[in-house]
S.K.: 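My structure is below; once you've seen it, I'll send some questions.
Note that the structure is predicted; figures quoted are calculated from it, not measured.
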Amino acid sequence: MRLGNQDAAQAGFEKLVSRYAGHGYLPYVLVEVSGEYRQVRMFTQARSAAQYLLDRYPNSEQCLWAQREVVLSDLELHDWETADTETQTLVARFAKRPDGLWAVSAIAEANGRLGRHEQARELFRFNVTNYPASDDTIWSLRGFINESIALHDDASLDAGVKKLLSEYSTSKNLPMAILHVGRTLCTANRTQASELFQYVIDNFPGHEQALFAKACQGHVYLRQGQDNEAETLYQTVLTRYANHPKLAEAVDLMAEGYYDRAVSQQRSVPKEARQDPTGPRASVPALSDSARADRAKAIEKWEIIIQRLPANPHDTPRAYQQAADSYRQLGQLDKTLAYYQEVCESWPGYEFAWHLQFMIARLYRDLARSGQVAQAQADPKIEAALMAVLQKHPDCPAAKAARDWLGQIARRQEGGQR
């Protein structure tokens with residue numbers, strides 16, 4: 001399935017349902033299969049697997065999750081009318097089940113991600129109204145508030161925040177929920193973000209979310225052009241939380257503040273001026289001076305994680321990747337390649353190691369095309385990187401492209417030998 005071979009996947013599915021038709025765990029497996037199809041963007045097959053369960057095992061407890069998979073697949077297929085109809089089927093049939101909250105939330109989140117903010121908000125509203133006793137409902141209230149931000153509905157935003165702070169004041173999830181809303185407000189350049197970050201800092205000073213709230217408060221300063229205030233706050237965090245196990249995550253947030261501002265400045269550059277015609281394709285868009293400065297500031301923060309903080313299998317390779325991407329934007333391709341290679345060698349289990357391995361091949365290809373590296377020097381590097389993709393990550397999304405690319409290289413070499 002993950003190799004993209006639809007015929008083989010379908011044959012395997014038919015074999016599965018034929019051989020285990022009477023097995024009690026088949027409905028569970030069918031839900032997993034549907035989800036796997038959806039993960040590899042085989043949405044029609046995902047829907048079919050879920051519908052198979054609904055048609056043949058109508059009394060299974062797994063029907064809730066199968067119905068969810070049907071709706072999520074319809075949404076990915078942009079079949080809005082069917083998705084809405086099937087959503088109403090799910091709500092009507094499973095609303096009284098406590099776990100219906102999570103199925104509806106998943107559908108609401110998918111709608112929001114696809115820009116269907118009204119539909120998403122109504123589903124979050126449904127959860128808040130129908131599952132008021134559940135502490136988990138705080139996440140649906142968070143979703144309702146975030147969708148109200150997307151819809152520029154200030155009245156609903158204010159009402160939602162008021163409800164969050166009053167009715168969920170004793171929830172263990174409150175600090176994180178407030179922080180999430182604050183970050184959405186910050187991204188939307190809304191002034192309430194600072195108030196919510198400060199609320200967490202003042203009311204939950206010993207909570208780990210206070211650490212993140214301080215880092216996010218720095219984002220507010222940066223968006224207001226108060227760089228000195230942001231740096232003062234960041235240095236205070238680095239000193240006060242020097243031994244905190246989540247400090248690397250907070251430092252990553254600091255870097256993100258500069259990175260996001262650089263991206264927004266890059267977008268302000270006219271489209272025709274974004275591509276640097278003198279550089280290699282891998283060096284990507286030309287940057288304004290201010291965007292370059294912000295990229296460099298972001299790198300400084302990621303280098304703190306790399307150079308000064310204890311290594312861990314998530315934050316450290318992520319810092320290498322993020323720093324490398326910014327080095328690439330700044331045209332420092334030697335540094336980019338070295339950092340990509342470091343992740344691939346030291347953290348082969350990192351979730352994006354396959355992508356970085358493939359990017360090594362692309363960078364050498366682009367360097368050869370630009371004339372900065374001889375083709376004869378680049379070819380072995382490209383082949384080694386592509387072979388590593390297939391050997392270390394045979395089921396990754398880049399596997400087929402790596403295999404095809406190696407085939408092209410082999411044919412070219414055979415042609416040259418002739």
S.K.: Could you tell me which non-hydrogen atom of Pro317 sits nearest to which non-hydrogen atom of Val343, and how far apart they are?
M.R.: O-CG2, 3.8 Å
S.K.: Tell me if the CD atom of Gln375 is crowded by more than 12 foreign heavy atoms within 6.0 Å.
M.R.: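 Yes, because the 6.0 Å sphere around CD of Gln375 holds more than 12 heavy atoms from other groups.
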S.K.: Please round to the nearest 0.5 Å and tell me the distance separating atom CG of Leu222 and atom CD of Glu256.
M.R.: 11.5 Å
S.K.: Under 4.5 Å between any side-chain heavy atoms of Trp102 and Trp65, yes or no?
M.R.: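 They are in side-chain contact.
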S.K.: Can you see whether Asp74 engages Thr82 through a side-chain donor-acceptor pair at a distance of less than 3.5 angstrom?
M.R.: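 Judged by distance alone, the side chains do not pair up.
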S.K.: Between Glu351 and Arg318, is the closest basic N to carboxylate O distance under 4.0 Å?
M.R.: no
S.K.: Specify whether Tyr52 and Tyr57 have parallel, tilted or perpendicular ring planes, treating 30° as the upper limit for parallel and 60° as the lower limit for perpendicular.
M.R.: tilted
S.K.: Hey, is Asp79 close enough to Arg47 for a salt bridge, meaning N to O under 4.0 Å?
M.R.: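 Salt bridge between Asp79 and Arg47, a charged N being under 4.0 Å from a carboxylate O: no.
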S.K.: Can you find a heavy atom in the side chain of Phe204 that is under 4.5 Å from one in the side chain of Leu174?
M.R.: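 With C-beta onward as the side chain, the pair touches.
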S.K.: Using 4.0 Å as the upper bound for N to carboxylate O, is an ion pair formed by Asp154 and Arg190?
M.R.: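 Looking at Arg190 and Asp154, the cut-off is met.
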S.K.: Would you say Tyr364 and Leu337 make side-chain contact, with heavy atoms under 4.5 Å?
M.R.: yes
S.K.: Side chains of Ser73 and Arg38: do they bring a donor and an acceptor to under 3.5 Å?
M.R.: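 Per modelled atom types, Ser73 and Arg38 side chains form no pair under 3.5 Å.
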S.K.: Quick check against the 3.5 Å criterion: does Ser194 have a side-chain atom that pairs as donor or acceptor with the backbone of Thr191?
M.R.: no
S.K.: Can you find a side-chain donor-acceptor pair between Gln321 and Tyr350 that sits under 3.5 Å?
M.R.: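 Per modelled atom types, Gln321 and Tyr350 side chains form a pair under 3.5 Å.
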S.K.: Going by atom types only, do Tyr234 and Lys301 share a side-chain donor-acceptor pair under 3.5 Å?
M.R.: no
S.K.: Can a donor-acceptor pair be found, under 3.5 Å and without considering hydrogens, that links the side chain of Arg97 to the backbone of Glu61?
M.R.: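 Here the side-chain-to-backbone pair exists.
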S.K.: Sub-3.5 Å donor-acceptor pair from the side chain of Thr316 to the main-chain atoms of Ile306, do we have one?
M.R.: no
S.K.: Measure the spacing between CD of Gln192 and OG1 of Thr184 and express it to the nearest 0.5 Å.
M.R.: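 With rounding to 0.5 Å, CD (Gln192) is 12.0 Å from OG1 (Thr184).
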S.K.: Taking C-beta and beyond as the side chain, do Trp302 and Asp252 meet within less than 4.5 Å on heavy atoms?
M.R.: yes
S.K.: Does any non-hydrogen side-chain atom of Tyr259 lie less than 4.5 Å from one of Arg295?
M.R.: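 Result yes, sub-4.5 Å side-chain heavy-atom pair found.
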S.K.: Apply the test side-chain contact (heavy atoms from CB on, under 4.5 Å) to residues Asn130 and Val91: give CA-CA distance (whole Å), side-chain angles for both, the deciding distance (0.1 Å), then the verdict.
M.R.: CA-CA 11 Å; Asn130 288 274; Val91 169; over 6 Å; no
S.K.: Do Leu253 and Arg183 come within less than 4.5 Å of each other through their side chains, counting heavy atoms only?
M.R.: yes
S.K.: For the CG atom of Leu247 and the CD1 atom of Ile304, what is their distance to the nearest 0.5 Å?
M.R.: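 With rounding to 0.5 Å, CG (Leu247) is 8.5 Å from CD1 (Ile304).
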S.K.: Between Asp135 and Ser171, is any side-chain donor less than 3.5 angstrom from a side-chain acceptor?
M.R.: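 On atom types as modelled, these side chains qualify, holding a pair under 3.5 Å.
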S.K.: On a heavy-atom basis, which atom in Ser34 and which in Ala50 lie closest, and how many Å separate them?
M.R.: OG-CB, 3.7 Å
S.K.: Check this for me, if you would: do Arg362 and Asp366 make a salt bridge, where the nitrogen-to-carboxylate-oxygen distance has to be below 4.0 angstrom?
M.R.: no
S.K.: Does a donor on one side chain and an acceptor on the other come within less than 3.5 Å for Gln88 and Asp84?
M.R.: no
S.K.: Applying side-chain hydrogen bond (donor to acceptor under 3.5 Å, both in side chains), name anything that partners Glu342, two or more places apart in sequence or on another chain.
M.R.: Ser346
S.K.: Does Gln235 offer a backbone N or O that forms a donor-acceptor pair with the side chain of Thr239 under 3.5 Å?
M.R.: yes
S.K.: Start with the C-alpha distance between Arg142 and Leu164, add both sets of side-chain angles, then the distance that settles side-chain contact (heavy atoms from CB on, under 4.5 Å), and finish with yes or no.
M.R.: CA-CA 8 Å; Arg142 175 200 63 183; Leu164 180 67; 5.9 Å; no
S.K.: Angle between ring planes, Phe358 versus Trp405, binned at 30° and 60°: parallel, tilted or perpendicular?
M.R.: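 Plane angle over 60°, so perpendicular.
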S.K.: With no hydrogens and no angle check, is any side-chain donor or acceptor of Ser370 less than 3.5 Å from a backbone partner on Leu367?
M.R.: yes
S.K.: More than 12 heavy atoms of other residues, nucleotides or ligands under 6.0 Å from CZ of Arg93: yes or no?
M.R.: yes
S.K.: So which heavy atom on Ile149 is nearest to which on Ala188, and how close?
M.R.: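 Closest approach of Ile149 to Ala188: CG2-CB, 4.0 Å.
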S.K.: So how far is it from Tyr168 OH to Asn173 CG, rounded to the nearest 0.5 Å?
M.R.: 10.5 Å
S.K.: Salt-bridge test for Arg121 and Asp153: reply yes if a basic N is under 4.0 Å from a carboxylate O, no otherwise.
M.R.: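 The answer is yes: the pair qualifies as a salt bridge.
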S.K.: May I ask you to decide if the ring planes of Trp347 and Tyr320 are parallel, tilted or perpendicular, using 30° and 60° as cut-offs?
M.R.: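 Taking Tyr320 first and then Trp347, their aromatic rings sit tilted (interplane angle of 30° to 60°).
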S.K.: Val71 versus Leu75: any side-chain heavy-atom pair under 4.5 Å?
M.R.: yes
S.K.: Between CG of Leu179 and SG of Cys216, what distance do you get to the nearest 0.5 Å?
M.R.: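 These two atoms lie 4.5 Å from each other.
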S.K.: More than 12 heavy atoms of other residues, nucleotides or ligands under 6.0 Å from CG of Asn243: yes or no?
M.R.: no
S.K.: Ala66 and Leu53: which non-hydrogen atoms are nearest, and at how many Å?
M.R.: CB-CD2, 4.0 Å
S.K.: How close do Ala103 and Leu90 get, counting heavy atoms only, and between which atoms?
M.R.: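 Shortest heavy-atom separation between Ala103 and Leu90 comes out as CB-CD1, 4.3 Å.
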S.K.: I'd like to check His180 versus Trp139 (side-chain heavy atoms, cut-off strictly below 4.5 Å). Are they in contact?
M.R.: yes
S.K.: Using a 6.0 Å cut-off, check whether atom CD of Gln408 has over 12 heavy atoms from anything other than its own residue.
M.R.: yes
S.K.: When you look at Arg261 and Lys297, which way does the side-chain contact (heavy atoms from CB on, under 4.5 Å) test go after all the steps?
M.R.: CA-CA 11 Å; Arg261 193 169 69 174; Lys297 282 287 190 180; over 6 Å; no
S.K.: Assess whether side-chain contact (heavy atoms from CB on, under 4.5 Å) is satisfied between Phe197 and Lys214, documenting all intermediate values.
M.R.: CA-CA 7 Å; Phe197 295 145; Lys214 290 178 181 179; over 6 Å; no
S.K.: Identify the two heavy atoms, one from Ala193 and one from Val220, that lie closest to each other, and give their separation to 0.1 Å.
M.R.: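 Residues Ala193 and Val220, closest heavy atoms: CB-CG2, 4.5 Å.
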S.K.: Pick one: which of Gln62, Gln51, Glu86 meets side chain to side chain donor-acceptor pair (under 3.5 Å) with Gln67?
M.R.: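 In the set Gln62, Gln51, Glu86, the residue that makes a side chain to side chain donor-acceptor pair (under 3.5 Å) with Gln67 is Glu86.
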S.K.: If I take atom CG from residue Asn111 and atom CZ from residue Arg116, how far apart are they, to the nearest 0.5 angstrom?
M.R.: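 It comes to 5.0 Å.
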S.K.: Counting N and O atoms only, with roles assigned by atom type, does the side chain of Thr137 sit under 3.5 Å from a partner on the main chain of Val128, one being a donor and the other an acceptor?
M.R.: no
